[in-house]
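Okay, so here's the structure we're looking at.
Read the numbers this way: they start at 1 and go in the same order the structure lists the ligands and their atoms. No experiment lies behind these values; they were computed from the predicted model shown.
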Amino acid sequence: MNEKKLIPLAPILVESTRSIGYTFESALADIIDNSLSVNATIIEVEYGSKAANAYLCVVDNGAGMDKEELRAAMRYGSRSSLEARNSVDLGRFGLGMKTATMSQCRELTVVSKKDGKLSAAVWDLDYVIERSDWVIKEFSEAEINNLGIPALEGLKKFDSGTLVMWRKFDKLERSAKDFNGSFLDKVNSARDHVALVFHRYISGDGFSVPIKIYFNREPVAARDPFLTAHPGTQPLEERTIRIDESEILVKPYILPYISKINEKHLSYLGQKEDLKKNQGFYLYRNKRLIVWGTWFGLHRQYELEKLTRIRVDIPSELDSLWSIDIKKSTAILPDKIKKNLIEIIANSVPKSKSELTYKGRKTSNSGIKTAWYEVENRGTFQYKISRDTALFKLVESHIDGSGLKYMEAFLRDLEDQLPYIPVYKNIAESKVYDETPQISEDEILLLAESNIEMLVSSGFSESDAVAMISNEYTYSRYPSVIAALKERLK
Ligand SMILES: Nc1ncnc2c1ncn2[C@@H]1O[C@H](COP(=O)(O)OP(=O)(O)OP(=O)(O)O)[C@@H](O)[C@H]1O
Ligand SMILES: [Mg+2]
């Protein structure tokens with residue numbers, strides 16, 4: 001046997017790692033992962049979009065690296081994915097910083113500050129090609145100041161920290177019609193992505209201090225996809241699934257109905273039209289959102305269940321079980337916990353449905369009588385107008401024999417013409433329907449008085465009559481009118 005060492009050809013291997021499928025936003029999030037893994041509390045993203053000089057820097061106040069540590073960090077495969085990591089470490093493969101950067105540009109510069117000293121190293125793809133070898137450039141402290149790094153002062157102001165800079169955006173230069181505009185578009189969607197995937201860091205959920213992230217000095221606000229602080233969101237019971245020594249926490253939420261959410265909050269949930277496809281599991285690894293809007297094939301995405309989102313917290317020690325990929329943007333559900341999750345879906349999804357279903361019973365859950373009710377007959381359903389409400393009875397009492405016949409025909413015609421399909425379509429598109437009552441308060445007061453009079457003449461006491469009509473949806477929507485009627489009783 002002959003042993004032969006085969007070292008990969010640097011330009012070829014680096015070039016091929018550029019295509020492992022990072023998007024601009026997932027690549028930037030990977031750089032921010034590194035900052036959070038070394039306990040940074042301030043992360044400043046700075047960028048300039050002028051074509052040949054475009055740059056993007058991520059500066060953090062984390063632990064920083066000395067010269068040797070930086071050299072190790074620059075190596076492709078700096079740490080093994082089999083090595084155990086501490087619970088704040090968001091890394092796994094020892095590749096992210098290099099592959100994420102090179103997926104977007106040709107030059108990675110890292111400057112780090114530790115014990116008051118600066119170290120810098122650069123992966124420059126053109127230099128790798130020129131030397132046809134795995135070579136980085138290293139710079140002395142004096143040289144660093146002449147590298148023309150826009151955010152260097154930002155790093156210097158911290159006691160320790162790291163600056164990662166991307167330059168030479170060759171792919172975008174080739175593909176964009178308007179480089180400046182496309183670059184800014186990418187940075188903007190990356191900001192939204194960062195606001196979402198790190199929302200628990202930004203809002204300080206379970207951390208000793210909230211993490212501050214800035215984009216060109218503008219602070220990024222957390223985008224909580226559960227609107228946990230919204231009074232309309234219903235948190236359901238949290239469950240713990242134990243696997244060996246580790247715990248997976250599962251907590252379902254039912255989002256508030258769309259008409260109860262303002263524009264700003266709605267934008268946190270994604271577009272209204274996308275609510276259906278954003279339902280499902282939201283998987284967090286060490287509190288960082290990695291995958292969302294999927295049922296992992298355990299369930300289908302139904303329109304009526306679009307308000308269900310289930311938070312799943314996994315610790316990084318279960319990475320291999322979930323087949324977390326290098327980009328930390330895909331995961332595969334382990335068989336071991338399928339059964340538990342199916343059960344949780346079955347318990348939470350019907351709650352979302354009931355939030356969405358129409359007030360369509362003769363009496364709703366609260367015992368209030370409504371004008372429409374649902375009739376189900378062997379799998380088909382229809383909505384009918386109730387002939388049992390006080391207002392209907394009042395009308396009836398003013399119509400004679402042949403008039404009643406016409407009215408009955410008219411009501412059936414109305415029932416037959418209920419526009420099911422357009423209503424369904426609008427609701428499906430999350431259009432909000434106008435819930436303002438169409439009868440004025442003055443009119444409703446007159447109607448209520450006549451209604452009470454009618455009930456009294458058919459033998460009810462006045463207080464019973466008032467109680468009866470306040471139990472009708474028609475009148476219950478006018479609390480001030482009901483209050484006035486009750487006041488009169490006294
Ligand atoms: N901002 C930073 N501050 C301090 N150290 C850093 C920073 N960024 C990277 N490092 C060091 O460089 C190493 C390599 O980073 P890299 O992102 O390439 O791999 P990783 O984070 O270990 O794993 P992954 O491939 O999953 O991202 C890290 O393990 C860390 O030690
Ligand atoms: Mg990393």
Side-chain angles (χ1 to χ4, degrees), residues 13-14 17-18 20-22 25-46 56-105 108-115 117-123 134 136 138 149 151-152 154-156 158-166 194 197-198 201 211-213 285-286 288 290 314-320 322-331:
L13 199 65
V14 172
T17 63
R18 303 189 73 194
I20 56 177
Y22 277 101
E25 52 256 49
S26 62
L28 180 57
D30 215 332
I31 301 298
I32 295 180
D33 276 350
N34 287 342
S35 302
L36 293 170
S37 300
V38 290
N39 300 315
T41 53
I42 300 174
I43 296 166
E44 296 171 342
V45 179
E46 291 206 17
L56 182 135
C57 293
V58 178
V59 185
D60 69 52
N61 68 341
M65 292 173 277
D66 61 24
K67 195 174 166 199
E68 288 306 316
E69 287 166 330
L70 175 59
R71 191 175 283 167
M74 294 300 273
R75 187 190 289 273
Y76 276 73
S78 50
R79 284 168 76 181
S80 161
S81 62
L82 303 174
E83 188 184 319
R85 303 241 186 171
N86 69 35
S87 67
V88 294
D89 198 338
L90 296 168
R92 168 159 155 79
F93 296 98
L95 281 174
M97 183 172 76
K98 286 75 70 176
T99 49
T101 302
M102 291 297 170
S103 73
Q104 302 304 315
C105 66
L108 162 68
T109 304
V110 185
V111 186
S112 205
K113 181 175 175 186
K114 191 171 182 180
D115 302 329
K117 289 201 194 86
L118 291 179
S119 320
V122 175
W123 271 116
W134 296 96
I136 56 167
E138 290 183 331
I149 298 171
L152 191 59
L155 173 66
K156 286 183 179 172
F158 295 135
D159 291 340
S160 65
T162 299
L163 177 157
V164 171
M165 177 170 70
W166 296 354
V194 164
V197 299
F198 299 111
Y201 289 82
I211 307 300
K212 293 200 171 68
I213 304 181
R285 174 177 176 268
N286 290 356
R288 190 272 218 213
I290 51 172
I314 58 169
S316 58
E317 67 254 19
L318 294 182
D319 278 349
S320 60
W322 288 82
S323 314
I324 303 291
D325 73 328
I326 294 185
K327 308 186 293 294
K328 322 287 179 324
S329 54
T330 60

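Distance alone, capped at 3.5 Å, is enough to place a donor-acceptor pair between the Asp325 side chain and the Thr330 backbone. In this structure, Arg18 contributes its side chain and Cys105 its backbone to a donor-acceptor pair below 3.5 Å. Distance alone, capped at 3.5 Å, places no donor-acceptor pair between the Asp319 side chain and the Ile324 backbone. Between the Ser160 side chain and the Gly62 main chain, a donor and an acceptor come within less than 3.5 Å of each other. A distance-only check finds no donor-acceptor pair linking the side chain of Lys98 to the backbone of Gly96 [under 3.5 Å].
Heavy atoms of other residues, nucleotides or ligands lying less than 6.0 angstrom from NZ of Lys212 number 12 at most.
Taking 4.5 Å as the limit, every side-chain heavy atom of Trp322 sits out of range of all side-chain heavy atoms of Ile290.
When the options Asp33, Asp30, Leu108, Thr162 are evaluated for a side chain to side chain contact (heavy atoms under 4.5 Å, CB included) with Met97, the one that passes is Leu108.
Near ligand 1, heavy-atom contacts under 4.0 Å come from Asp30, Asn34, Ser35, Val38, Asp60, Met65, Ala73, Ser78, Arg79, Arg85, Gly91, Arg92, Phe93, Gly94, Leu95, Gly96, Met97, Lys98, Thr162, Lys328.
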Full working for salt bridge (charged side-chain N to carboxylate O under 4.0 Å, His left out) between Lys117 and Asp115: CA-CA 6 Å; Lys117 289 201 194 86; Asp115 302 329; over 6 Å; no
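Note on the Mg ion (ligand 2): protein N/O/S atoms under 2.8 Å are Asn34 OD1.
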